[in-house]
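Everything on this sheet refers to the single structure shown next.
Every chain is numbered from 1, with letters handed out A, B, ... down the list of sequences.
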Number of protein chains: 2
Amino acid sequence: MPLPLSATARGPRQHDVYDTLRHAILNGDLRPGEGLSETKLAAQFGVSRTPVRDAVRRLSDDGFLRVIPQVGTFVAPIQLTAVADSQFVRETLECRTIRLAAERLDPTQADALDRHLAAQERAVAANDATAFFTADEAMHADLIRIAGRPAVWNLILDVKAQLDRVRCLSLESADWLAMIFDQHRVIIERTRARDPDGAEAAMRAHLRSVFDAIDRIAATNQEYFEDSPTDPAR
Amino acid sequence: MPLPLSATARGPRQHDVYDTLRHAILNGDLRPGEGLSETKLAAQFGVSRTPVRDAVRRLSDDGFLRVIPQVGTFVAPIQLTAVADSQFVRETLECRTIRLAAERLDPTQADALDRHLAAQERAVAANDATAFFTADEAMHADLIRIAGRPAVWNLILDVKAQLDRVRCLSLESADWLAMIFDQHRVIIERTRARDPDGAEAAMRAHLRSVFDAIDRIAATNQEYFEDSPTDPAR
DNA sequence: GCTTGTACGCTAGTATACAAGTTCGTTGAC
DNA sequence: GTCAACGAACTTGTATACTAGCGTACAAGC
């Protein structure tokens, strides 16, 4: 088990174990099916099993780990049906909120959206995918905030994690970033024009094209997937 | 602390503590603000603190408990903004799925829906609110299954818990059950007629009227609520 | 060679002991 | 009488020991 987790330096605080493991799973450092051991994790993080157990339990609730009593803990396979359901939920919620955002937008908020676009443009020019997706998330979160439902973003983040896990299996090309950026520009433009129908259509097209990319990634990484509707008898 | 939890008989299994506490909170047996103690809970359930801690952590993640380190564990107040957001999410998702259900319904599924209505009608006649809401949930779940997104129901259940928690603060009158039942009949009728627009409108009206009732309950039980947008620094 | 019984090592689940911190009552000095 | 300081009793957080069950490797018997 490679586990290039930096458990070194400063003793991990309360939720460090959770955050580190979650990040490793989302990034693909921990591959689906890979086995973990609470004891070994505790040793690696320099803590006892108790905080490790807390983290493992939460990750299990999130669907990232599968704990089999008396057997072991494993990185959960990616279920294609779960990914599709996540897409459905995200699309449904964000298409609704973008309508509200288009109806409620005020000039100050419009400027904030422009700043997000500018940050994305810089990231595209630098071909910096990490910076791009940081600005991407900030923009989506801001749109939902403008819609008046800031807490809904937390829910989106949860379901989006399933999608990001797939996305992280492949590297984004500069062309792809540019395409996404163009889609973002249309969304913002329609929102600024206070055109709910246009904004919703642009958002739906955007999310669909991201999902299509995810589908292509899945097709070329089938070893990590499990499309069986296995009841995860938690 | 009353806590009429039946910790008697058969040793509690894996998630008994969680299920029991969750049920007690949703039913209002444990009131918002009430304090709990892991030690006392462990004694009441006849187990050690470890499984109790697991349950408490999960309930904390769910937003039902608020754990303050070195101080105590308390039943979380009901946040009106969270309730409103839950309503928004539920309405958005169920209005989308009912459209899909209306488009996809087949005769076998239609019969199942009729059976749900029949069960509800019996419950209304007997003024049995528990039986009514059991059939209610089964029907909503079935509609989402018909829409082809069965897993989405799990998400709805999560957000619905916030709404049910408020609903359980008051008893339903027979009149109110009858009104809800009528709304259900319209939803099913429009779905069977393969009328997505009509079904969605009926579903939205239904969910809104339930939410209005929740708002009225909240107005008369303000002591349990907290509308401050407190950041629940998990 | 194949099957089956068995022992060992691993796992997570649980129980318990200890540590760190907060709250609140009490007691002492002023 | 007032207030401050101390301490007892409580809380959750953490560490560790033990339990029960599963998987596997290995050896004995067919």
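Using modelled atom types, one side-chain atom of A:Asp106 and one backbone atom of A:Gln109 make a donor-acceptor pair closer than 3.5 Å. A donor-acceptor pair is defined here as one N or O able to donate and one able to accept, closer than 3.5 Å; no such pair exists between the side chain of B:Ser60 and the backbone of B:Val56.
D:dG13 atom P lies 16 Å from atom CG of A:Asp16, rounded to whole Å. Residue B:Phe74 contributes atom CZ, which lies 11 Å from atom C1' of D:dT12 at whole-angstrom precision. Taking atom CG on A:Asp54 and atom C1' on D:dA15, their separation rounds to 13 Å, with Å as the unit. Rounding to whole angstrom units, CD of residue A:Glu38 and P of D:dT16 are separated by 15 Å. For the pair B:Arg57 CZ and D:dT14 C1', the interatomic distance rounds to 12 Å; values are reported in whole Å. What separates NZ of A:Lys40 from P of C:dG9 is a distance of 15 Å, to the nearest Å.
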I would like to know whether B:Asp54 and A:Arg53 meet salt bridge (charged side-chain N to carboxylate O under 4.0 Å, His left out); could you show each step before the answer? CA-CA 9 Å; B:Asp54 279 354; A:Arg53 269 184 66 78; 3.1 Å; yes

Give the C-alpha distance, both sets of side-chain angles, the deciding distance and a yes or no for salt bridge (charged side-chain N to carboxylate O under 4.0 Å, His left out) between B:Glu137 and B:Lys160. CA-CA 10 Å; B:Glu137 281 210 353; B:Lys160 194 166 105 65; 3.0 Å; yes

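The line from CD1 of B:Ile78 to CD of B:Gln222 is 12.0 Å long, rounded to the nearest 0.5 Å. Atoms CD1 and CD, on B:Ile214 and B:Gln87 in that order, are 6.5 Å from each other to the nearest 0.5 Å. Taken to the nearest 0.5 Å, the CG atom of B:Leu100 stands 5.0 Å off from the CZ atom of B:Arg96. Between the CG atom of A:Asp215 and the CZ atom of A:Arg208 there is a distance of 11.5 Å, given to the nearest 0.5 Å.
The side chain of B:Ser48 places an N or O atom within less than 4.0 Å of a non-bridging phosphate oxygen (OP1 or OP2) of C:dA15. Put simply, A:Ser37 has a side-chain N or O that comes within less than 4.0 Å of OP1 or OP2 on C:dT11.
Nucleic acid contact class of B:Thr73 (heavy atoms, under 4.0 Å, all strands): sugar-phosphate only. Across all strands, B:Val67 comes closer than 4.0 Å only to sugar-phosphate atoms, never to a base (heavy-atom distances).
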In B/S/- notation (B base, S sugar-phosphate only, - none; protein heavy atoms under 4.0 Å), nucleotides 19-25 of chain C written 5' to 3' is -BBS---

Polar pairs (N or O, both sides) under 3.5 Å between protein and nucleotides 6-8 of chain D?
none

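Each of B:Thr50 and A:Ile68 was assigned the nucleotide of DNA chain C with the nearest heavy atom; the assignment lying further toward the 5' end belongs to A:Ile68.
In this structure, of D:dG13, C:dT14, D:dA15, it is C:dT14 that holds the atom nearest to the side chain of A:Arg53.
You'll find the ring centres of A:His140 and A:His184 inside the 6.0 Å limit.
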